[in-house]
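Everything numeric in this text was worked out from a predicted model, so none of it was measured.
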Amino acid sequence: MSFLKINNLSVNYIMRKETVFAAQNVKFDVSKGEILGLVGESGSGKSTVGNAIINLIDEPGKISEGSIFIDNIDIYKDPKTIKTLRGKKIGIIFQDPQTSLNPLLTVGEQLIETIQTHLSLNKADAKSRAINLLKEVGITDAENRFDNYPHQFSGGMRQRVVISLALCCEPELLIADEPTTALDVSIQSQILDLIKNLTKKRNLAVILITHDMGVIAETTDRVAVMKKGILVEIGPTKEVLGNPKAEYTKSLVSSVPPTNKKINRFNVINKINENDNQVNLKILNRWKKKELNDQNLVEVKNLKKSFHDGIFSESSSKDVVAVDDISFNIKEGESFGLVGESGSGKSTIAKMIVNLFKPTSGEIYFDKVCINKIRDKNIMLKFRRQIQMIFQDPYSSLNSRMKVYDIIAEPIRLHNTLIKENELKDYINDLLESVELTKKSADRYPHEFSGGQRQRISIARALATQPRLLVCDEPTSALDVSIQAQILNLLKDLQEQLNLTILFISHDLPVVRQMCDRIAVLRYGKLCEISDTENLFLNPSNSYTKELLHLMPKIESIYETR
């Protein structure tokens, strides 16, 4: 028997000039002990449906028609009903645990507050229940961690705390909205196993909202596919992903990078134009393209970075070693991958290469010059021009108060003080065209673009100084699979046609396999192994690498079990 029933649900946002339909006539049900996956691109309405179930639709949005039944109770018949059900019968896990936890309260205080809001328990009983919940979600030494603040937990541990908050009042329906998007493959595996085990143990009805098709393939019993607010297909996961009927579902599945082979290009759902794999010819003519040779462009030798773990007292603190004696090289024109869990040292290495961090010891050579020992600002400026970085979150890395034109113009003006304004305008237009944006984009602000478009702006800014090395730090981790395919194809084209060298950092192993020529695996700041990409995936030598590859969610598992 279905525990949750959604009938013809429509959610509208009435704007000044138009009405936006976030969900239209959505209909599905979820039974206890079942995990239903809800997938689709950004703007497909999947989170809107989740928010509608717990009545968190922000103004000017409203449910215009339809009904939602939980345990045969029409939750919108009486406005007070949902208030009694939220937290007690319905639990929710949000995408970012850092923002969904109160940084001013300890984890224990937040659990006790939630428990006492919904259950008639005194503080001692509520504390005992909270500690048991922390143990149930796998937090070791729960009695002591109970008094820690959220910032004292790792990302995976914070997500466990959020899960314990969602479960603290014995809910029967659990809504997990992108619960593993920012997590490494090993932590992601732990969280998904925890959700699966809790589903069976507590006989929960679960809705898992995600854009990761590998996670859907390995975790859910059924899957519902949404596009532009409309439910296009629903059915058993093996059938929908293994033999999709809707054209959109076929395109969505084909955009997922395979884990069992290497491909030339990613399949794109909506091509921007027929000639989307050509860099603007004017850019090619402007670019001072280096002829490729077999020489190393980057050489990292015995690199070490320590951070002092102490605020108030030198004597009571210690050094945390983030990078420990790392050595590798990157050939000109090569795409080199760095993979590993959070805290493995990937991003710290990248920031040392672009000179945002100074190494504690060791050397970084760029084109045979040791750049970490340069003290002259003018000389360093010359190297900064040749090394550019694309960050994980394009929204926070772009100045929200500047128009796109000025964002891209800033590094050009810094490195070419003699450039004339009319030449600068033409150059910026050519850069925008090369990343498949229109000239009109130059006159808009970052908030007026989607996540994928903002990442294109970041790429255009990084290319503005005509660099030889592009450092990509998790450039697609927050993007849908279809937008990810477009961005990765763009990077492949730019590398091939401009002879770029790329340092690619990611925890998404299928993406790394498609993008990189060689891969270095890191753990706890140490180098586990370096190998050619295909050799690493087919014949890993290190036990940790084998573990990572084993834990990687595989959409191919659908075909293996059919």
Residues pairing under ring pair (Phe, Tyr, Trp, His ring centres under 6.0 Å) where one sits in residues 326-360, two or more places apart or in two chains, turn out to be Phe307-Phe357, Phe328-Phe336
Review point. Are more than 12 heavy atoms from other residues, nucleotides or ligands located less than 6.0 Å from atom NZ of Lys492?
Key: yes
Sequence neighbours excluded, the answer for salt bridge (Lys or Arg N to Asp or Glu O under 4.0 Å) partners of Lys262 is none
Across all chains, not counting sequence neighbours, the ring pair (Phe, Tyr, Trp, His ring centres under 6.0 Å) partners of Phe153 are none
Exactly one candidate in Asn535, Leu549, Val521 meets side-chain contact (heavy atoms from CB on, under 4.5 Å) with Pro540; the answer is Leu549
(Q) Can you tell me if Lys331 has over 12 outside heavy atoms packed within less than 6.0 Å of its NZ? (A) yes
| query | Counting only N and O atoms by type, is there a donor-acceptor contact under 3.5 Å from the side chain of Gln455 to the main-chain atoms of Pro475? | reply | yes
If you define the side chain from C-beta out and look only at heavy atoms, does anything of Phe94 sit under 4.5 Å from Val162?
no
Problem - CG/Asp376: more than 12 non-hydrogen atoms of other groups inside 6.0 Å - result: yes
Practice prompt. State, yes or no, whether a side-chain contact exists between Val321 and Thr360 at a heavy-atom distance under 4.5 Å.
Written response: no
(message) With heavy-atom distances below 4.5 Å as the criterion, would you say the side chains of Leu500 and Leu463 are in contact?
(response) yes
Check whether any side-chain N or O of Arg202 sits under 3.5 Å from a backbone N or O of Leu167 as a donor-acceptor pair, and report yes or no.
yes
For Ile371 and Ile353 the tightest heavy-atom approach is CD1-O, 3.6 Å
Nearest heavy-atom approach of Pro553 to Gly214 is CB-C, 3.6 Å
Residues at least two apart in sequence or cross-chain that pass side-chain hydrogen bond (donor to acceptor under 3.5 Å, both in side chains) with Asp147, listed by chain then number, are none
- Message: For His550, is there any backbone N or O sitting under 3.5 Å from a side-chain donor or acceptor partner on Lys554?
- Response: yes
Can you confirm whether more than 12 heavy atoms, excluding those of Lys358, are under 6.0 Å from its NZ atom?
yes
Exactly one of Arg523, Glu341, Met552, His507 clears side-chain contact (heavy atoms from CB on, under 4.5 Å) with Ser186, and that residue is Glu341
Across all chains, not counting sequence neighbours, the ring pair (Phe, Tyr, Trp, His ring centres under 6.0 Å) partners of Phe537 are none
Sequence neighbours excluded, the answer for side-chain hydrogen bond (donor to acceptor under 3.5 Å, both in side chains) partners of Lys382 is none
Tightest non-hydrogen contact, residues Gly33 and Asn203, listed as N-OD1, 3.4 Å
Test side-chain contact (heavy atoms from CB on, under 4.5 Å), reference His415, set Arg385, Glu410, Gln466, Gln386, output is Arg385
- [ ] Report the C-alpha distance between Thr210 and Glu178 in whole Å, list the side-chain angles of each, state the deciding distance to 0.1 Å, and finish with yes or no for side chain to side chain contact (heavy atoms under 4.5 Å, CB included).
- [x] CA-CA 5 Å; Thr210 181; Glu178 299 278 10; 3.5 Å; yes
Item to check | Pair Arg468 + Asp367: basic N to acidic O under 4.0 Å | outcome: yes
Hits for salt bridge (Lys or Arg N to Asp or Glu O under 4.0 Å) against Glu299, two or more places apart or cross-chain, chain-then-number order -> Lys368
Short N-O contact, Asp473 and Lys346, less than 4.0 angstrom: no
Hits for side-chain hydrogen bond (donor to acceptor under 3.5 Å, both in side chains) against Asn329, two or more places apart or cross-chain, chain-then-number order -> Arg518
### Query
Quick one: does Arg145's side chain have a donor or acceptor within less than 3.5 Å of a partner on Gln152's backbone?
yes
Notebook entry, point to check: Does any N or O in the side chain of Ser189 come within less than 3.5 Å of the main-chain N or O of Val185, such that one atom is a donor and the other an acceptor?
Noted result: no
Residues passing the side-chain hydrogen bond (donor to acceptor under 3.5 Å, both in side chains) test with Asn144, sequence neighbours excluded, are Asp141
Next item on the list: Please assess Leu303 against Asn372 for the test side chain to side chain contact (heavy atoms under 4.5 Å, CB included), listing each intermediate value before the final yes or no.
Entry: CA-CA 11 Å; Leu303 198 63; Asn372 60 295; 5.8 Å; no
Scanning both residues in full, the closest heavy-atom pair of Glu109 with Thr106 reads OE1-N, 2.9 Å
Taking every heavy atom of Glu218 against every heavy atom of Lys196, the minimum-distance pair comes out as O-NZ, 3.4 Å
Salt bridge (Lys or Arg N to Asp or Glu O under 4.0 Å) filter on Glu34, not counting sequence neighbours, yields Arg222
All heavy atoms of Leu105 vs all of Gln110, minimum pair found to be O-NE2, 3.0 Å
Salt bridge (charged side-chain N to carboxylate O under 4.0 Å, His left out) pairs touching residues 529-551, sequence neighbours excluded, are Arg513-Glu534
Checklist line | Expected output: side-chain Thr237 to main-chain Asp221 donor-acceptor under 3.5 Å | finding: yes
Counting distance only, does the side-chain N/O of Thr533 pair as donor-acceptor with the main-chain N or O of Cys516 below 3.5 Å?
yes
Exercise for the section: Check for a donor-acceptor pair, side chain of Gln514 on one end and backbone N or O of Pro258 on the other, with a separation under 3.5 Å. Expected result: yes
Taken in chain and number order and not counting sequence neighbours, the residues that satisfy salt bridge (Lys or Arg N to Asp or Glu O under 4.0 Å) with Arg160 are none
